[in-house]
Amino acid sequence: MGTTVHDKNSAITRKPWLMRLGIGLFAVGMVAVVVVFLLFAAGYSELPIWLSAFAGIVSPLGLALGLIALVREHRQA
């Protein structure tokens with residue numbers, strides 16, 4: 001007969017999927033913001049609108065998802 005040992009540390013260190021999604025979106029959005037700044041500094045004055053919109057929407061969306069996941073995690077505890 002085998003016994004199952006539940007390790008609380010592994011459950012604590014594993015991030016919920018919503019937090020991982022938020023971190024990923026925030027990181028991609030920050031990369032887009034850096035690309036916009038670099039292109040603007042390089043002299044490109046007319047950047048594609050999709051790049052500016054992506055930088056302006058994805059990073060706040062990732063931050064919001066991360067905060068929602070954080071609040072949900074603390075309510076469960």
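All of these numbers come straight from a predicted model, not from anything done at the bench.
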Quick one: do Phe37 and Leu51 end up in the same hydrophobic cluster if we chain Ile, Leu, Val, Met, Phe, Trp and Tyr together by side-chain heavy atoms under 4.5 Å apart?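 Different hydrophobic clusters.
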For residues Leu63 and Met30: do they belong to one hydrophobic cluster (side chain heavy atoms under 4.5 Å, members Ile, Leu, Val, Met, Phe, Trp, Tyr)?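 Per the 4.5 Å side-chain linkage, Leu63 and Met30 are co-clustered.
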Measuring only between side-chain heavy atoms, which start at C-beta, is Pro16 closer than 4.5 Å to Arg72?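 Pro16 does not reach Arg72 side chain to side chain.
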Over all heavy atoms of both residues, which pair between Pro60 and Ala55 is shortest? Give the atoms and the distance, please.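 For Pro60 and Ala55, the tightest heavy-atom pair comes out as CD-O, 4.3 Å.
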CH2-CD1 distance between Trp50 and Ile57, expressed to the nearest 0.5 angstrom: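 Answer rounded to 0.5 Å: 13.0 Å.
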What's the separation between atom OG in Ser52 and atom CG in Leu39, rounded to the nearest 0.5 Å?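 Reported to 0.5 Å precision, the distance equals 9.5 Å.
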Fellow cluster residues of Trp17, listed by chain then number, with links counted only when side-chain atoms sit under 4.5 Å apart: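 Leu18, Leu21, Leu25, Val28, Phe54, Val58, Leu61, Leu65, Ile68, which link up through side-chain heavy atoms under 4.5 Å apart, make up the rest of the cluster.
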